[in-house]
Amino acid sequence: MNAPLVGVLSLQGDVREHERALVSVGARTCRIRTEGELSRVDGLVIPGGESTTMSMLAVRTGLMQPLVDAVRGGLPVYGSCAGLIMLATRVLDGRPDQQTLGALDVTVRRNAFGRQVDSFECDLDMPAVPGGPMHAVFIRAPWVEDCGPGVEVLARVEDGPASGRIVAVRQGKALGTAFHPELTGDGRVHALFVEMVRHG
Ligand code: GLN
């Protein structure tokens with residue numbers, strides 16, 4: 001596969017930032033709003049934004065079931081922040097009608113870092129991504145409260161009140177981060193995902 005085609009779910013969220021990051025690591029991109037568009041891609045990114053709104057729009061536009069089917073069928077998928085919530089199997093502090101794709105056997109807690117600290121930045125040790133610490137930006141971020149046995153933990157917060165909390169996971173062809181690598185100009189998480197797509 002030369003340049004894989006990675007779709008970015010474009011119902012809501014920071015679509016452009018993910019497109020830029022994907023292009024910087026050698027992928028082609030397109031925007032996904034319909035089942036037809038989804039059927040053509042080699043991988044899918046679900047951006048940061050607001051998971052309850054994304055869920056509502058996916059249901060309303062009829063895209064939720066095709067998304068569930070695509071990830072169940074093995075389409076490689078990466079979600080950042082709200083995208084991680086969309087990939088989870090269980091959501092705490094979500095809306096009762098919020099739906100997710102169940103690609104990761106994890107429980108996520110929305111807005112987990114608390115109201116006092118809506119946003120923060122820190123460095124993470126993320127051995128799956130070579131090249132030293134990963135500078136991570138969290139914005140009203142979830143964390144992974146617990147995960148099933150098939151889930152690989154890729155990073156945890158190291159210091160402060162949230163020390164030890166899981167913020168990056170992978171299971172099969174699904175990758176999720178609670179932080180936003182699309183906002184920092186560090187393409188290494190996107191490069192990891194594009195590798196997963198290439199070898200998918
Ligand atoms: N709090 C948002 C949600 O629940 C996620 C925030 C983000 O993606 N930056 O979807």
Side-chain angles (χ1 to χ4, degrees), residues 6-22 29 31-33 43-61 63-64 67-68 71 77-124 126 134-147 154-157 160-162 165-170 174-190 192-193:
V6 178
V8 181
L9 185 65
S10 300
L11 300 173
Q12 189 268 341
D14 65 346
V15 173
R16 215 175 319 148
E17 289 78 3
H18 275 287
E19 288 174 331
R20 210 173 290 147
L22 287 163
T29 67
R31 296 188 177 191
I32 306 293
R33 291 195 190 85
L44 175 71
V45 167
I46 305 183
E50 177 49 56
S51 60
T52 54
T53 308
M54 249 183 249
S55 161
M56 189 255 292
L57 291 171
V59 170
R60 201 182 276 174
T61 60
L63 197 54
M64 187 56 93
L67 287 168
V68 170
V71 301
V77 61
Y78 165 48
S80 71
C81 201
L84 165 64
I85 299 171
M86 285 291 287
L87 293 181
T89 303
R90 298 165 297 276
V91 180
L92 300 174
D93 296 335
R95 275 180 56 124
D97 58 351
Q98 179 166 7
Q99 295 186 28
T100 62
L101 306 181
L104 291 165
D105 181 16
V106 299
T107 305
V108 292
R109 183 178 292 281
R110 286 182 65 229
N111 304 328
F113 293 91
R115 296 224 170 129
Q116 308 290 325
V117 237
D118 277 346
S119 309
F120 72 100
E121 304 187 14
C122 69
D123 284 344
L124 300 173
M126 196 168 170
M134 166 73 50
H135 188 68
V137 173
F138 295 85
I139 304 167
R140 293 178 189 271
W143 65 43
V144 174
E145 188 108 349
D146 61 60
C147 35
L154 301 183
R156 294 174 187 266
V157 175
R165 291 296 182 180
I166 299 167
V167 290
V169 288
R170 176 167 57 183
L175 175 69
T177 62
F179 54 94
H180 293 273
E182 73 277 14
L183 298 181
T184 55
D186 182 338
R188 289 179 293 160
V189 172
H190 290 82
L192 174 69
F193 178 60

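Values reported hereafter were calculated over all heavy atoms of this structure, with side chains retained and with hydrogens, waters and symmetry mates removed. Predicted model, so just to flag it, every value in this text is computed and none were measured. Counting convention: from 1, in listed order, for ligands and their atoms alike.
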Checklist entry - Should Glu19 and Arg31 be marked as a salt bridge (Lys or Arg N to Asp or Glu O under 4.0 Å) after you check the CA-CA gap, both sets of side-chain angles, and the distance that decides it? => result CA-CA 9 Å; Glu19 288 174 331; Arg31 296 188 177 191; 2.7 Å; yes

Checklist entry - Atoms of ligand 1 less than 4.0 Å from Ile85 heavy atoms? => result 3 (C), 4 (O), 10 (O)

Checklist entry - Is the shortest N/O to N/O distance between Ile139 and ligand 1 below 3.5 Å? => result yes

Checklist entry - Relative to the heavy atoms of Arg140, which atoms of ligand 1 are at a distance of less than 4.0 Å? => result 1 (N), 2 (C), 5 (C), 6 (C)

Item to check | Whether His180 lies under 4.0 Å from ligand 1, heavy atom | outcome: yes

Checklist outcome for this item: In this structure, CG of Leu84 is separated from OG of Ser51 (nearest 0.5 Å) by 9.5 Å

Next on the checklist: List ligand 1 atoms under 4.0 Å from Cys81, heavy atoms only on the residue side.
Outcome noted: 5 (C), 6 (C), 7 (C), 8 (O), 9 (N)

Item to check | Closest protein heavy atom to atom 4 (O) of ligand 1, given as residue, atom name and distance to 0.1 Å | outcome: Arg110 NE, 2.6 Å

Checklist entry - Under 6.0 Å between the ring centres of His190 and Tyr78? => result yes

Checklist entry - Are Arg33 and Thr61 close enough that some pair of their side-chain heavy atoms sits under 4.5 Å apart? => result no

Checklist outcome for this item: ligand 1 to Ser51, heavy atom cutoff 4.0 Å, flagged ligand atoms 3 (C), 4 (O), 10 (O)

Checklist entry - Against heavy atoms of Asn111, which atoms of ligand 1 measure under 4.0 Å? => result 1 (N)

Checklist entry - Against heavy atoms of Gly48, which atoms of ligand 1 measure under 4.0 Å? => result 8 (O)

Item to check | Residue pair Ile46 / Leu87, side-chain heavy-atom distance below 4.5 Å | outcome: yes

Next on the checklist: Would you call the rings of Phe113 and Phe138 parallel, tilted or perpendicular, taking 30° and 60° as the class edges?
Outcome noted: tilted

Checklist entry - Which ligand 1 atoms are under 4.0 Å away from a heavy-atom of Gly49? => result 2 (C), 5 (C), 6 (C), 7 (C), 8 (O), 10 (O)

Next on the checklist: Less than 4.0 angstrom from a charged side-chain N to a carboxylate O is my criterion; do Glu50 and Arg140 meet it?
Outcome noted: no

